Enquirer: 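If you scroll down you'll find the structure; I have some questions about it.
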Amino acid sequence: MSDFSRWLLHEDQKEVFDALFATVLAIVFLGLSALVLWPTGKAMISFRLAQGYWVFCIVMYPVISLTILLQRLFRVDMDSHFDAFVISNLVTTGFLLAGWSAYAVLAVQGFAVDASTWVTVLLYVIGFLSTFVAFHIVSTLYPGSAYRLVNPPLAFASFIIFSIWPAGARLLYGWFFNLFKCLTPGGGPRGGREHFVADILTSLAIDMN
């Protein structure tokens, strides 16, 4: 075992290992998804999911920061109010993962409009698996056993529910997707480096009209 491997696997570097694992998992998942879907002409959903993961990572930090701020405001911490601390974190992670499930369902629907039955099933399977990657992204900041026990079933269940009831995804998270759409009035593809971020944010507003 190399020095780097020993360093990475050391208990003190668990956060680094989790972040690296989530990054590699996302890259491998997106690459395999694109490869599998390439013959169907739907490989671009991998790019759409990659955009979503990027924005998901950005949005995750202010949402978690708000949770920490509220916890400090109400003096909720692990020592004095352990149950309330864990529950508030579960609410935060649940909100984030359910939001990803809503995004993934709407992305799948957008690509499945003219797809055959078996391609549609394949798209939904990829969307379902994408929630597992989102879980690992969230776990880089919430690695506790309680979160690892509750969050995967929650992410999977929310994807299934939103797949059956896509209107629920728009009802609960449409305002959030439209928030990003409002940042780029006029919509549509735009050229230039200065619009790159804006185009990615706009892509979150899938089928919101």
Side-chain angles (χ1 to χ4, degrees), residues 17-37 40 42-61 63-64 67 86-113 115 117-177 203-204 206-208:
F17 176 82
D18 288 343
L20 183 61
F21 178 80
T23 301
V24 172
L25 179 65
I27 293 173
V28 171
F29 168 73
L30 293 170
L32 290 177
S33 298
L35 186 63
V36 170
L37 289 171
T40 70
K42 302 295 183 180
M44 280 301 294
I45 193 174
S46 295
F47 179 66
R48 181 61 58 83
L49 293 176
Q51 291 176 328
Y53 283 135
W54 188 65
V55 177
F56 182 75
C57 291
I58 295 175
V59 170
M60 184 171 63
Y61 284 95
V63 171
I64 292 175
T67 300
V86 172
I87 291 173
S88 62
N89 288 337
L90 285 173
V91 170
T92 299
T93 55
F95 169 80
L96 289 168
L97 290 173
W100 173 263
S101 295
Y103 172 80
V105 166
L106 295 177
V108 167
Q109 284 192 336
F111 281 86
V113 171
T117 301
W118 76 270
V119 173
T120 299
V121 171
L122 185 57
L123 287 169
Y124 272 97
V125 169
I126 288 174
F128 180 82
L129 294 176
S130 75
T131 62
F132 183 69
V133 178
F135 155 70
H136 275 284
I137 293 175
V138 171
S139 293
T140 60
L141 298 178
Y142 290 93
S145 57
Y147 313 122
R148 291 183 180 275
L149 179 66
V150 174
N151 284 334
L154 187 150
F156 296 148
S158 59
F159 182 86
I160 294 172
I161 291 172
F162 288 144
S163 296
I164 299 172
W165 184 42
R170 298 185 181 93
L171 178 65
L172 295 177
Y173 289 94
W175 63 271
F176 184 71
F177 299 146
S203 71
L204 287 176
I206 306 171
D207 294 336
M208 289 293 107

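Bear in mind the structure is a predicted one, so any value in this text is a computation, not a measurement. Only heavy atoms go into these numbers, but all of them, side chains included; no hydrogens, no water, no symmetry mates.
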Enquirer: Do you know the tightest heavy-atom contact between Val105 and Ser163?
Expert: CG2-OG, 3.5 Å
Enquirer: Going by atom types only, do Trp100 and Thr131 share a side-chain donor-acceptor pair under 3.5 Å?
Expert: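 Checked: Trp100/Thr131 side chains show no N/O donor-acceptor pair below 3.5 Å.
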Enquirer: How long is the gap from CG on Leu154 to OG on Ser101, to the nearest 0.5 Å?
Expert: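 Here the interatomic distance stands at 8.0 Å.
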Enquirer: Is any side-chain heavy atom of Phe56 closer than 4.5 Å to one of Val138?
Expert: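 Val138 vs Phe56: side chains touch.
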Enquirer: If I take atom OG1 from residue Thr67 and atom CG from residue Leu96, how far apart are they, to the nearest 0.5 angstrom?
Expert: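 Those atoms lie 7.5 Å apart.
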Enquirer: Would you call the rings of Phe132 and Phe156 parallel, tilted or perpendicular if under 30° counts as parallel and over 60° as perpendicular?
Expert: parallel
Enquirer: List the atom of Ala98, the atom of Tyr173, and the distance in Å for their closest heavy-atom pair.
Expert: CB-OH, 3.3 Å
Enquirer: What are the two closest heavy atoms between Leu106 and Pro166, and how far apart are they?
Expert: CD2-O, 4.4 Å
Enquirer: Please name the pair of heavy atoms, one in Ala34 and one in Ser46, separated by the smallest distance, quoted to 0.1 Å.
Expert: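 Distance-wise, the nearest heavy atoms are N-OG, 3.0 Å.
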Enquirer: Do you know the tightest heavy-atom contact between Gln109 and Tyr124?
Expert: CG-OH, 3.5 Å
Enquirer: Check for a donor-acceptor pair, side chain of Thr140 on one end and backbone N or O of His136 on the other, with a separation under 3.5 Å.
Expert: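 Pair absent, no side-chain N/O of Thr140 close to backbone of His136.
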Enquirer: Which label fits Tyr147 and Tyr142: parallel for a plane angle under 30°, tilted from 30 to 60°, or perpendicular past 60°?
Expert: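 Tyr147 vs Tyr142 ring planes: perpendicular.
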Enquirer: Can you name the nearest heavy-atom pair linking Ile126 to Phe29, along with the distance?
Expert: O-CZ, 3.3 Å
Enquirer: What I'd like to find out is whether the side chain of Phe111 reaches to under 4.5 Å of the side chain of Thr120, using heavy atoms alone.
Expert: no
Enquirer: May I ask you to test the Ile137-Cys57 pair for a side-chain heavy-atom distance under 4.5 Å?
Expert: yes
Enquirer: Can you find a heavy atom in the side chain of Thr40 that is under 4.5 Å from one in the side chain of Trp118?
Expert: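 In contact.
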Enquirer: Taking the side chain as every heavy atom from C-beta outward, state whether Asn151 and Leu90 have any atom pair closer than 4.5 Å.
Expert: yes
